2 protein chains.
Amino acid sequence: MTRKSTTDAGGRHTIRDVAAHAGVSASTVSRVLGGEYPVSTTTRTRVMRAVRDLDYVADARAKAIAGAGTPTLAFVLDDITGPSFAHMAHGVEREATRLGHLCLVCSTDGDAEHQLEFIEMMRAQRAAAVILVGGATDTAEYRERMARIADSLASAGSRLVLCGRPPLAPGTPVTVIEYDNEGGAYALCAHVLAQGHRRVLFLGGLADNTTAQGRESGYLAAHRARGLDPDPALRLYGDFTRDSGHRLMRQALAQGLEFTAVMASTDMVASGALTALHEAGLRVPADVSLAGYDDIPFARDLHPPLTTVHVPYEELGRLAVRTALGRTPDAPNEHLLLGTHVVVRDSVAAPGGGAR
Amino acid sequence: MTRKSTTDAGGRHTIRDVAAHAGVSASTVSRVLGGEYPVSTTTRTRVMRAVRDLDYVADARAKAIAGAGTPTLAFVLDDITGPSFAHMAHGVEREATRLGHLCLVCSTDGDAEHQLEFIEMMRAQRAAAVILVGGATDTAEYRERMARIADSLASAGSRLVLCGRPPLAPGTPVTVIEYDNEGGAYALCAHVLAQGHRRVLFLGGLADNTTAQGRESGYLAAHRARGLDPDPALRLYGDFTRDSGHRLMRQALAQGLEFTAVMASTDMVASGALTALHEAGLRVPADVSLAGYDDIPFARDLHPPLTTVHVPYEELGRLAVRTALGRTPDAPNEHLLLGTHVVVRDSVAAPGGGAR
DNA sequence: ATGAAAGCGCTAACAT
DNA sequence: ATGTTAGCGCTTTCAT
């Protein structure tokens, strides 16, 4: 079988096969499929029939390279398994497809190298935008690296969007959308303090993660605003998982740390901590108060329902793609800061009976 | 500026720009970048320098069309927001990148049309495999539609993988990987029954969803195996969300349904149900026992820790990718059934004090 | 070891 | 309204 009629076993039909089958030229097929062009009705029908017969689907890569094609959008996160990331991904995904974009999702497991690789891949795919989400380590190296990526992307007609990450130097072609970690944590901690607590344990995330740091700053600031000086021994670090919360809490209990409330950097962390508390026979909030952060759907099913800070993750995802795609009249360098609000449920109360 | 030196403002450099910059031919650049070909060291260095200078990244689409290129893999699910799906996605994603594949993820929000559209897109992308996950409605139309897709994909050299979905007619070029919903539910329900419960409320999912049906079948079968005839009034239907569980449970309570245990079709559902139970002042498991399904990480943080069925979702995702990519010596039509096991925690006990 | 040329599957002028 | 001819950015013969 010659390499002309592509109707070979592989079954991968080309536009020329369809053309031959319909007795027209390839361009005509292209035009019929494209839709935007006048074609006689009879030809159109014949072509469509051929398409159906051959079960033809145009190669998207070829289209893309030839100028047409569905634009692509990349979403890079640390771990799709975290509820808050999943919700953002959902928002991104929905908005992207609503806008007719294909959407690549990649979890990097928090590995910076892997992340870099993936971004490079996206650049190779000529993605319309790359959305990077999740706290980072805010070092000079980080800023430099990100700036380079932003420039590369920009010069290729693409755009970098940072979500929940530290902004870069002004002038860098980047869009950053942050949610106010410090503000949320401040408000939450203020609420806890207002109940009368004076020793509140902070269960942090990775020490150098900006999201974790923001929340810690809020915790600190709230204390200082009341003229309080939080005991450094009351700050423990792990990551954002449920297991980390569980482990940290056990550890705190084992060390005999004294506190009447605990503020977790994440609902997941709070969830694990809660179990550790229960395991130790402590009642929440009677014996110790507990607060989380993120307001994942689950938070209200904890016992007691968790007081936490609501972050509009899904909306955030949607916003990210909208601004990334320039659906919003944007300045070259955009910086949005989304507000959050505390959701008061039952896990925080005044320090009561069995204070430790 | 003529359309020859692509070094225009757009910045999108082509291989020819690099070639020019390095004073060699495009083929040479290609060879250097490809690696698999002998090139003089001096040339190689010059080319690499040009690449660096221009910040050049080869267009993946062009590569793909020309025969090289990273293969792509598509993962289609209903909702990335569901923990079990997220874990599968994680597995898929990890294994795919481990195997050097790009991975497209798409949530269809349970919309069959949208799902179809997306599959078509993936065919256009010439994806190496399409993994479809999540229960479906098992009708003749479903089987027919899926078979058509499987054939299309196969004839394009791609492959369809069904995960947690009903198998198709033998001979269809499809791989299906199921986890044993019925078996798991049977074992779980047997456990509940063994505690002495006789009226156990079943909180289902979408009535026509095969996953939900499988779990219901297990529930039914476990009863029958004991010579019990479960009261049909004890089966309520909603979906797999936390809210559904909450609503259904309230409803059951409001109607004054009598039961001493409840078996939810999902941990999420169980979670919502638990809250409804608490809100009604009922204690678990003292007043009523509760069991879930999926064993999401959260399950152990519920109060009491939830007895449930473990499903190896992440492993499932990895397996799907592996078999899809034929890393497993596979028969043309493969059908795997993964086992599950019940995880006994504290939410199920013998019917006790305040039976309703 | 390197260049020239052909081709991948498609679209977009440019002709009729 | 339709066919012809160039590309798009890359790889891969086929020469040299």
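Throughout, protein chains are lettered first and strands after them, A, B, ... in sequence-line order, and every chain is numbered starting at 1. The shown structure was predicted, so the numbers you read here are calculated from the model rather than taken from an experiment.
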Note to self: Are there over 12 heavy-atom neighbours, none belonging to B:Arg145, within less than 6.0 Å of that residue's CZ?
What the structure shows: yes
Notebook entry, point to check: What pair of heavy atoms forms the shortest contact from A:Gly100 to A:Pro71, and how long is it?
Noted result: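 Taking A:Gly100 first and A:Pro71 second, the nearest heavy atoms are O-CD, 4.0 Å.
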Item checked: Closest approach of B:Cys103 to A:Leu104 (non-hydrogen atoms, all atoms of both residues) -> O-CD1, 4.2 Å
Notebook entry, point to check: For DNA chain C, whose closest nucleotide is more 5', that of B:Thr41 or that of B:Ala62?
Noted result: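 First, find each residue's nearest nucleotide; the 5'-ward one identifies B:Thr41.
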Counting the atoms with a prime plus P, OP1 and OP2 as sugar-phosphate, which does [X] contact under 4.0 Å by heavy atoms, base, sugar-phosphate, or nothing?
X	result
B:Thr28	sugar-phosphate
B:Ser40	sugar-phosphate
B:Arg31	base

Checklist line | Side-chain donor/acceptor of A:Arg12 to base of C:dG9, under 3.5 Å | finding: no
Note to self: I'd like to know if B:Thr43 reaches the base of C:dT2 with its side chain such that a donor and an acceptor end up less than 3.5 angstrom apart.
What the structure shows: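 Not at all, since no donor on one side and acceptor on the other fall under 3.5 Å apart.
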Between [X] and [N], does any side-chain N or O lie under 4.0 Å from OP1 or OP2?
X	N	result
B:Ser25	C:dG3	yes
B:Lys63	D:dG9	no
B:Thr14	D:dG9	no
B:Tyr37	D:dT13	no

Check: Any Lys/Arg nitrogen of B:Asp59 or B:Arg12 sitting under 4.0 Å from an Asp/Glu carboxylate oxygen of the other?
Finding: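 The answer is no: the pair does not qualify as a salt bridge.
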Item checked: Euclidean distance, B:Arg98 CZ relative to B:Glu93 CD, rounded to 0.5 Å -> 12.5 Å
Next item on the list: Taking A:Asp151 for its side chain and A:Arg148 for its backbone only, find out whether a donor-acceptor pair lies under 3.5 Å.
Entry: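 A pair under 3.5 Å: no.
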Notebook entry, point to check: In degrees rounded to 10°, what angle is found between the helical axes fit to the five outermost pairs at each end of the helix from C:dA1-D:dT16 to C:dT16-D:dA1?
Noted result: 40°
